[in-house]
Structures are given as structure tokens and as C-alpha cells.
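Working notes, structure below.
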Amino acid sequence: MTKSLRIVHLFPELLNLYGDSGNILVLRRRLAWRGLVADVAEVHVGERPSFADADIVFIGGGSDREQRIVCESLLAEQAELSSFVEDGGVLAAVCGGYQLLGHSYLMGDEKIEGLSLVDLYTDRGEPRLIGNVVVESPICDHPIVGYENHGGRTHLGEGVEPLGSVTYGHGNDGVTGQEGCLYKNVLGTYVHGPLLPKNPGVADYLLSRALERRYGNGELEPLDDAAELTANKSMYDRLMAGEVEEQ
Ligand code: GLN
């Protein structure tokens, strides 16, 4: 029997900053290269998704305007999403999506209720935190490289691990040196890029967790990641050498 994973992609038409939907292509392709199948379900605003048979849920980032539009739809799914997360379901969320995982998000002066899936909250600060970012994370053995652009400052509750520590750029709040969050099989991050094409270790972390949960075996056949890792290293080297002018 061919193993397959069901990937639920929430609101692709609205939450797709900096090509976040490219993350789905990477998950699909890295499964296919291993003879595994991705069954991708796109969920649009106003539709009621089912998470009962989901393996990986993905939420991308968006501007405040788009975040406000998806908020209501997302809150309607709070109970189901919470069961999914507590049951070890894999959830990856980027920037605006990451902020919505927490208790609240400050939009202007207005506090928007979040999904409370992870003990964190987001307020705001000036200036916006914009630019390239590099994160060292225990989940993969290459640095995570990407791009961030957010006004939000995310604060993790006690017991919530960061995805990693920032070695270049700003991360969660520009102060603590922490980036993203890890909670059960939830990964939240400010890293766009999109995240996965240049960070194959992160993609495999998500796939392995999902396969482990579904089939009891998260072992992944190794792939030739020379091209991906060359792109990653090229960006890493340029950033660390101070060759990239940030605005
Ligand atoms: N609107 C959010 C902020 O500015 C998230 C932006 C994003 O997804 N890049 O903090």
C-alpha cells in the first residue's frame, strides 16, 4: 500500500505572503520523490474543513487586512484544531498564521482573539521587523534562512520552546533572540521565503512527524539535497559576511 499524507492548506488565496504556498509544493514533492503521496485539500474562507483525517495543516502569512478576514473562519474551527494539535497533529504556521495560533494579536489598538492553540500572544512594536533572517534550530542540522516582515512582537508562554535562536535578523520580538515556537507537533515561525524550499531539514521534520503519527514510523529515505543546501549556504554566507544591504 502506498503511504499518503493528507495536507490541509488553510486560506491559500489570502495567506500567501512571499510565496508561502510554495511550502505545499515542497511537501508534495519531497513525498513524491520517496514514492509517497500528498493529498492536498485547500480550504477557502467560509468553508468548513475537516481535520479528522488531516496529517499536516498549513497556515501562511498575510497582511493585517487579510488576517482580519480569516480570523472569523479560523475561530469557528478552534475546537477541532485544538483536538488535532493535542492529538499530535502536525501544524505549520508562518507569520500572520503563527500569530493567530496564540491567545491574541494586537491589530492597531484592537486586540483580536486568537486560536489559543499555543501559549503565546502577540502585541506590536515599532519599527516593523523587516529583512533576511537566519535561525539555528535543534530540529535540523542546517541553519534556517528566510525573510521576515512583521509589526507583531510574539511572546512565548512558559514551557513553549522557540523554534530556534536568531543569528541574523530579528525573530519573535527583536529582543529575546528567539524565533518561532515549537509545541507538540506545532511549528510556528516568522520565516517566509517561502520557508521550505531552502530549508529541506524543516520540511523533513514536518513530514517525519506526520508519518510517525499516521504510520508509527517517521523514518524518511534520504534525498539528494545538494541544490537546496547550496542555495541555503549561499544565502547564509552572504548574510554572515555582511554582503546584503538591509533596508
Ligand atoms: N500582519 C502581521 C504583522 O505585520 C503579519 C505579517 C506577515 O504575515 N508577514 O505582524
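Atoms within a ligand are numbered from 1 in the order they appear, just like the ligands themselves.
With hydrogens and angles left out, the side-chain atoms of Glu148 and His170 include no donor and acceptor closer than 3.5 Å. Side-chain atoms of Gln99 and Tyr190 form a donor-acceptor pair, as typed in the model, at a separation below 3.5 Å. Checking His155 against Asp123 by side-chain atom types alone, a donor-acceptor pair falls below 3.5 Å. Checked by atom type, the side-chain pair Asp119/Tyr183 shows no donor-acceptor distance below 3.5 Å. Under the 3.5 Å distance criterion, with hydrogens and angles disregarded, a donor-acceptor pair is assigned to the side chains of Glu66 and Ser63. Checking Ser21 against Asn16 by side-chain atom types alone, a donor-acceptor pair falls below 3.5 Å.
Residue Gly96 has at least one N or O atom closer than 3.5 Å to an N or O atom of ligand 1. Ligand 1 has an N or O atom lying under 3.5 Å from an N or O atom of Gln99, backbone or side chain. Residue Tyr18 places no N or O, backbone or side chain, under 3.5 Å from any N or O of ligand 1.
Ligand 1 is approached by Arg128 to a heavy-atom distance shorter than 4.0 Å. Residue contact annotation: Met107 has no non-hydrogen atom under 4.0 Å from ligand 1. Within the structure, ligand 1 lacks Glu148 among the residues with a heavy atom less than 4.0 angstrom away. Within the 4.0 Å heavy-atom shell around ligand 1 one does not find Tyr98.
Taking a cut-off of under 4.0 Å to the non-hydrogen atoms of His150, the atoms of ligand 1 that pass are 3 (C), 4 (O), 10 (O). Per-residue contacts place Leu17 under 4.0 angstrom from the following atoms of ligand 1 (heavy atoms of the residue considered): 7 (C), 8 (O), 9 (N). Remark: ligand 1 atoms within the under-4.0 Å shell around heavy atoms of Cys95 are 5 (C), 6 (C), 7 (C), 8 (O), 9 (N). Short contacts between ligand 1 and Asp64, defined as distances under 4.0 Å to a heavy atom of the residue, involve ligand atoms 1 (N), 2 (C). Close contacts between ligand 1 and Gly61 involve ligand atoms 8 (O) [criterion: under 4.0 Å to a heavy atom]. Near His192, with a cut-off below 4.0 Å to any heavy atom, the atoms of ligand 1 are 7 (C), 8 (O), 9 (N).
Aromatic ring centres of Tyr121 and His103 lie farther apart than the 6.0 Å criterion allows. Checked against the 6.0 Å centroid criterion, the rings of His9 and Phe58 qualify as a close aromatic pair.
The shortest non-hydrogen separation linking Val8 to Ala54 is CG2-CB, 3.7 Å.
When hydrogens are left out, the protein atom nearest atom 6 (C) of ligand 1 is Gly62 O, 3.2 Å; that is the closest non-hydrogen contact.
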